[in-house]
Structures are given as C-alpha cells and as structure tokens.
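Here the structure is laid out as structure tokens; the discussion comes afterwards.
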Amino acid sequence: MPTFRAPRGTRDLLPADHVVFDRLLRTAADLATRYGYHPIETPLFEQTAVFERGIGEVTDVVEKELFRLAPRTEESESWTLRPEPTAGIVRAYVQHGMQTLPQPVKLTMTGPMFRYDRPQAGRYRQFWQFDVEAIGDPGPAVDAEIIELGHRFYAEVGVDGVEVLVNSIGDAACRPAYIAELVRYYRRHAASLPPTELDRLERNALRLLDSKDPAMADLNAAAPRITDHLCDACAAHFESMKAHLAALGVPYRVAPGLVRGLDYYTRTAFEFYVAGREGQQQALGGGGRYDGLVALLGGKPTPGIGFGLGLDRVMLVLAEQGGGAVGAPEGPLAVVVGADAEDTVARLRVATELRAAGLRVRAELGRRKLGRQLEAAGRDGAHFAVILGDELEGGQVQVRDLLAGTQRTVAVGDLARELARAEASHRHG
RNA sequence: GUGGCCUUAGCUCAAUCGGCAGAGCACUGGAUUGUGGCUCCAGAGGUUACGGGUUCGAGACCCGUAGGCCACCCCA
C-alpha cells in the first residue's frame with residue numbers, strides 16, 4: 001500500500017524496461033538521420049487553440065481527450081499538454097519561417113504525448129511517439145518514402161507481422177461531395193442502423209465505415225467508396241503513391257475504411273497494424289498527408305506528410321513476441337572490492353582512476369565481507385573484481401577474472417591497461 | 001465517457017464451509033575473521049488496495065472509492 005503511486009494511465013520505465021526503450025530511441029534517431037530528418041523539440045504544451053484548430057473541434061481527441069492545464073489566473077491563456085506532435089511541429093515551422101528554407105523541411109521528434117482517456121494495456125495517458133514530418137513536398141513519392149521508413153523501423157526493432165494499411169481520403173475538392181453521397185446512402189438504410197451509428201452519421205459520417213458493429217458489415221461493404229469518388233488529382237496521387245510503394249517492395253493493403261481520427265488529414269492516410277494479438281491495441285502507428293494544416297495554423301498554403309509511431313505499443317508487442325523484453329541493464333566491467341571495511345577511500349581512489357581511464361567501474365562501498373562482495377559483483381555481470389588488500393601497501397592489487405575464475409597480482413599503475421587487455425582477450429577468444 | 005472482471009509481502013501466487021495470514025523467488029545476515037556462482041541456517045518484509053457494513057469472528061460476504069485489466073468509443 002504505497003503512499004504515492006504513478007498517476008492513473010502513466011507508468012515508470014524501470015532500468016530493465018529501459019534497455020528495450022533505449023534500443024527503440026536509438027533505432028528511431030538513427031533511421032531518421034539516415035533518411036535526412038533533423039531533430040526538433042517542441043514544448044510539451046501549447047496554446048489549446050493550436051490543437052483545437054489543427055486537429056479539429058469535432059474529433060474525439062479534442063472533444064474528450066485533451067489534457068488541459070488549469071489556468072493560473074482568470075486572464076491567463078489556455079494551455080494543453082500535446083496529444084500528438086504534428087500540430088506543434090507545424091506551429092514551429094510557421095513561427096520560425098521555415099518556408100524560407102529549402103523545401104521540404106524534414107523534421108523528427110520523439111517524446112511523450114498526453115491524452116486523457118481511459119487507460120488499458122497499450123493505451124496510456126502519457127505515451128511515447130517517434131514522429132517524422134516532411135513539410136513542403138506535395139508529391140506522392142515522399143508519401144511512399146515515409147511509409148517505407150515507418151515499415152523499416154518495425155523491421156529494425158524486430159516486430160513481426162506488421163501490416164501496412166493505406167487509403168486516400170481525398171481533399172477539399174472531392175471529399176465534401178463524397179461525404180454527402182455517403183450520408184445519403186446511410187440515410188436510405190437508416191432503419192437498419194443501430195442508434196449509436198445514427199448518431200455518428202450526423203457527427204462524422206466517415207466514421208461509420210470504420211464500425212466494428214457486425215450489423216454494419218454488409219452495409220459498409222456495399223457503401224460508396226472514397227477511392228471511387230476521388231477527383232482526378234487525388235486519384236492520380238493515390239495511384240502514384242501505391243506504385244512507388246510497390247516499387248520499394250513495401251507490402252501494403254488498401255483499407256477503404258481507414259479514415260483516421262484527426263481532421264487535418266488529406267489524401268494519403270496510412271496505419272501500421274499488427275494482427276492476431278490479444279487485446280485490441282493493434283494500431284502501432286499511423287499518419288498521413290495534411291496539405292491544409294500549415295495554412296490552418298497561419299502559414300501560407302504548404303503541403304505536408306508525417307507519421308507517429310507508438311513506442312509503448314512496440315514494447316508491448318516485442319514482449320509478447322518474446323523478443324527484446326529480455327535484457328538486464330549493462331553491468332560494470334569491474335567492481336572494486338576490499339577486505340577491509342574501512343578502506344572506502346582506497347576503493348574510491350582506484351575506481352576513480354579507472355573511470356578516468358574510460359572504464360565502467362562500480363565501487364563496493366558497503367561493509368559486507370569479501371565473499372558477499374564478490375558474489376554481488378558476479379550477479380552484477382561484472383567481468384572482473386579488483387580486490388584491495390594488504391598488497392596495496394606495496395602498490396599492488398588482485399585482479400580476479402570472474403568469468404574464468406583466475407586471479408593475478410597487478411601493480412595499481414598498470415590496472416587500467418591490464419583490465420582493458422584482459423577484456424580484449426575475452427572478446428577474441 | 002459506457003459496461004464487465006480483478007486487487008493477499010518488492011515479484012509470482014496459496015490460505016477447505018467465514019475460525020491464529022503462508023510459500024517460492026528476490027533482499028539482508030551467518031556457516032572459525034582475505035575470495036563469488038552450488039548448498040545449508042537464520043532474519044527482515046503485511047492496516048490482505050482504501051473506507052464503511054454484516055457477524056461472536058471477515059483476506060473471504062455486502063456497499064462505496066481508488067487502481068489494474070477486458071470489451072466499447074477512439075486511437076498510439
């Protein structure tokens with residue numbers, strides 16, 4: 001019964017979890033660099049209007065999941081913890097005049113996002129995303145390149161069975177007419193619509209296509225498809241994007257029901273999905289094109305595309321698939337131990353010298369007897385124990401090879417060199 | 001935001017019909033004083049999530065709260 005615990009929907013990443021987490025961060029950073037993306041950090045919170053205007057007022061994220069900060073005074077502005085990275089990055093793009101840079105501007109950011117919804121495994125109020133955004137390139141080739149990048153991320157971190165779902169949701173030229181037709185279609189069948197679906201029809205008709213209600217299956221299968229109602233420009237974009245994906249060897253599936261939850265998306269929408277696992281948190285990441293967003297946030301009309309990949313869900317799936325989750329934090333190369341409980345000064349001196357030489361060294365500062373110290377060193381995963389004893393008066397210590405069980409006397413001045421040499425011989429043979 | 005299941009030591013779990021809260025792992029100490037992994041011994045660790053109720057008596061039954069999980073909503 002701890003007095004305090006992590007807030008609902010948040011969790012502590014303990015050192016053992018961090019081994020996997022670090023690997024994800026390194027892979028993300030390395031991949032983004034290889035593809036020409038530059039790191040950016042935006043604040044964890046923004047003016048609420050950035051999200052309301054950018055994401056859309058009638059989305060679930062804005063209507064019920066915003067993590068609003070309590071105003072400090074009556075007059076103070078409304079701040080909200082970021083629920084997704086794109087709006088903030090686009091705000092920065094506009095604020096710093098990045099339209100004057102060579103286009104596209106390719107940015108990457110990995111960090112925590114916040115949504116105030118009901119927690120479940122793989123769904124947290126604070127969760128981590130690896131995000132990339134390419135702003136200023138209207139062409140379908142960059143869409144394919146970015147999807148391929150996401151696909152490669154999962155491959156490199158070792159997630160099996162990731163499916164790529166793609167769709168086109170049109171643009172301002174063709175989507176309104178399609179939605180009107182969709183509404184007409186469902187209204188004709190209003191009698192067979194469940195009440196909740198009727199309600200969604202009025203709010204956001206595209207969402208009906210996504211319904212998991214079995215009663216909707218036949219109706220949705222026969223519903224007009226957005227991809228049959230794209231304007232010529234959107235249709236050409238979609239075809240070219242798919243051709244590029246195929247040429248890059250990325251396996252994908254067209255998912256006509258994939259509409260995504262944020263209003264700013266246009267044309268390309270995609271999701272990375274892992275099927276067949278326990279629990280419904282199967283969307284590992286997703287993204288799409290947002291050709292209207294820069295203008296919406298006050299910039300001149302500029303196209304953009306990006307994705308966000310959920311690192312928490314990747315860790316979850318890796319653990320389920322039996323990969324990665326195993327991993328103790330890296331232990332020290334050597335532990336400095338001593339026979340005399342009072343010799344902590346000597347232990348620290350030796351350890352400090354070895355650390356200055358660049359070695360990973362833990363000093364045993366407790367009062368445990370030597371046998372226990374060696375036992376702890378072994379469990380730590382240390383390869384060597386440096387044992388301080390009476391020989392120290394003659395400038396010498398014992399170096400015990402904990403893996404081989406051998407031991408030799410070494411002059412203190414030669415310690416760093418000797419440890420490095422012995423470690424090298426472990427590796428080579 | 002809606003509905004359901006769950007909560008006993010740091011972790012994984014026992015505790016018969018309502019009758020003295022336990023084990024394994026982990027942790028700490030010891031096995032004739034400076035040598036680990038194995039073994040043996042011992043110790044520490046609990047308001048049985050929290051608050052109320054029923055009862056001679058509650059870990060167990062009832063109500064509420066919190067947290068976790070599952071399904072929705074939606075998404076990462």
Side-chain angles (χ1 to χ4, degrees), chain A residues 1-11 14 16 55 58-65 82-86 110-131 150 194 196-197 199-200 203-204 207 210-214 258-262 269 271-274 278-287 307-317 335 337-341 343 364 366-392 397-407:
Chain A
M1 175 211 62
T3 308
F4 296 113
R5 53 182 163 194
R8 179 170 203 201
T10 71
R11 61 203 186 119
L14 304 181
I55 295 169
V58 293
T59 57
D60 271 43
V61 168
V62 167
E63 277 186 344
K64 56 178 213 186
E65 295 172 5
R82 64 189 187 193
E84 56 88 50
T86 307
T110 300
M113 307 297 153
F114 305 85
R115 287 184 204 175
Y116 194 84
D117 59 358
R118 194 148 156 181
Q120 258 178 58
R123 171 191 289 175
Y124 304 103
R125 289 181 172 181
Q126 175 178 333
F127 57 98
W128 282 73
Q129 277 193 2
F130 162 40
D131 184 82
T196 56
E197 303 294 343
D199 182 53
R200 296 165 85 193
R203 294 185 55 234
N204 193 340
R207 295 247 146 266
D210 230 1
S211 176
K212 286 168 196 147
D213 191 331
L258 175 62
V259 296
R260 310 280 306 156
L262 313 181
E271 226 164 71
F272 300 101
Y273 182 91
V274 57
E278 190 73 20
Q280 287 305 115
Q281 262 49 266
Q282 297 175 331
L284 296 189
F307 67 56
L309 310 188
L311 300 187
D312 305 85
R313 289 187 181 175
V314 169
M315 285 188 271
L316 198 67
V317 172
V335 176
V337 303
D340 176 2
D343 69 351
E364 173 69 54
R367 306 184 61 86
R368 294 187 286 194
K369 65 179 208 173
L370 186 56
R372 292 289 177 186
Q373 296 180 42
L374 289 170
E375 189 183 336
R379 271 183 314 208
D380 246 14
H383 292 184
F384 302 97
V386 176
I387 304 170
L388 309 190
D390 297 336
E391 311 91 318
L392 199 54
V397 297
Q398 301 287 327
V399 172
R400 182 168 183 81
D401 185 325
L402 293 170
L403 303 179
T406 58
Q407 189 166 318

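Within every chain, numbering begins at 1; the chains are lettered A, B, ... in the order of the sequence lines, protein sequences first and strands thereafter.
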Atom P, compared across B:G52 and B:A58: separation rounded to whole Å: 13 Å
Residue whose nearest RNA chain B nucleotide is more 5′ - A:Leu309 or A:Thr10: A:Thr10
Contact check, side chains of A:Val314 and A:Leu309, non-hydrogen atoms, under 4.5 Å: no
Gap between atoms CZ and P, on A:Arg368 and B:C27 respectively (whole Å): 9 Å
Check: B:G36 base within 3.5 Å donor-acceptor of A:Gln407 side chain: no
Separation of B:U65 C1' from A:Arg5 CZ (nearest whole Å): 11 Å
Options B:A66, B:C74, B:U35, nucleotide nearest the side-chain atoms of A:Glu65: B:C74
Rounded distance in Å between the C1' positions of B:G3 and B:C17: 33 Å
Nearest heavy-atom neighbours spanning A:Gly378 and A:Leu402: N-CD1, 4.3 Å
Sugar-phosphate only, base, or nothing, as touched by A:Gly338 at under 4.0 Å among non-hydrogen atoms: nothing
P-based separation of B:C74 from B:U12 [nearest Å]: 33 Å
Sugar-phosphate, base or nothing in reach of A:Gln373, heavy atoms under 4.0 Å: nothing
base_contact_polar (B:G34 base, A:Arg400 side chain, donor-acceptor, <3.5 Å): no
Sugar-phosphate, base or nothing in reach of A:Gly381, heavy atoms under 4.0 Å: nothing
Sugar-phosphate, base or nothing in reach of A:Gln126, heavy atoms under 4.0 Å: nothing
Touch class at under 4.0 angstrom, heavy-atom based, for A:Gly378 against every strand present: base
Distance, rounded to the nearest Å, where A:Asp380 contributes CG and B:C27 contributes P: 11 Å
Whole-Å gap separating C1' (B:C27) and CD (A:Glu375): 11 Å
Whole-angstrom distance between B:G45 and B:A9, as gauged at atom C1': 6 Å
Length of the line joining A:Leu284:CG and B:C74:P, which is rounded to integer Å: 19 Å
Rounded distance in Å - CG (A:Leu374) to P (B:G37): 9 Å
N or O in side chain of A:Gln398 less than 4.0 angstrom from B:G34 OP1/OP2: no
Rounded distance (Å) that lies between atom C1' of B:C5 and atom CD of A:Gln120: 13 Å
Spacing of CG belonging to A:Asp390 relative to CD belonging to A:Gln398, to within rounding of 0.5 Å: 10.5 Å
Euclidean distance, atom CG of residue A:Leu370 to atom P of B:G34 [Å, nearest integer]: 7 Å
Spatial distance of atom CZ (A:Arg115) from atom CZ (A:Arg125) [nearest 0.5 Å]: 13.5 Å
Point-to-point distance, once rounded to the nearest 0.5 Å, from CZ of A:Arg313 to CG of A:Leu284: 7.5 Å
Pairwise P distance for B:C69 and B:G34, with rounding to whole Å: 49 Å
Atom C1', compared across B:U55 and B:A60: separation rounded to whole Å: 13 Å
Sugar-phosphate, base or nothing in reach of A:Gly389, heavy atoms under 4.0 Å: base
Phosphate-side-chain proximity, A:Arg379 and B:C27, N/O vs OP1/OP2 below 4.0 Å: yes
Under 4.0 angstrom between A:Lys369 side-chain N/O and B:A31 OP1 or OP2: yes
Under-3.5 Å donor-acceptor pair between A:Arg123 side chain and B:C74 base: yes
Secondary structure of RNA chain B in dot-bracket form (Watson-Crick or G-U wobble, distances below 3.5 Å, | marking inter-strand pairs): (((((((..((((.....[..)))).(((((.......))))).....(((((..]....))))))))))))....
Rounded distance (nearest 0.5 Å) linking atom CG of A:Leu388 with atom CG of A:Leu370: 10.0 Å
A:Arg400 and A:Val337, any side-chain heavy atoms less than 4.5 Å apart: no
Heavy-atom donor-acceptor pair, A:Lys64 side-chain to B:C73 base, under 3.5 Å: yes
P atoms of B:C25 and B:C20, separation to the nearest Å: 26 Å
A:Met113 side, atom CE; A:Thr86 side, atom OG1 - distance, nearest 0.5 Å: 8.5 Å
Rounded C1' spacing from B:C41 to B:A49 in Å: 35 Å
base_contact_polar (B:G3 base, A:Arg118 side chain, donor-acceptor, <3.5 Å): yes
Any donor-acceptor N/O pair, A:Asp312 side chain to A:Gly122 backbone, under 3.5 Å: no
OP1 or OP2 of B:G67 under 4.0 Å from side-chain N/O of A:Arg8: yes
Sugar-phosphate, base or nothing in reach of A:Asp401, heavy atoms under 4.0 Å: base
Touch class at under 4.0 angstrom, heavy-atom based, for A:Asp312 against every strand present: nothing
Shortest non-hydrogen contact from A:Gln129 toward A:Gly308: OE1-CA, 3.7 Å
Donor-acceptor pair under 3.5 Å, A:Arg372 side chain vs B:U28 base: no
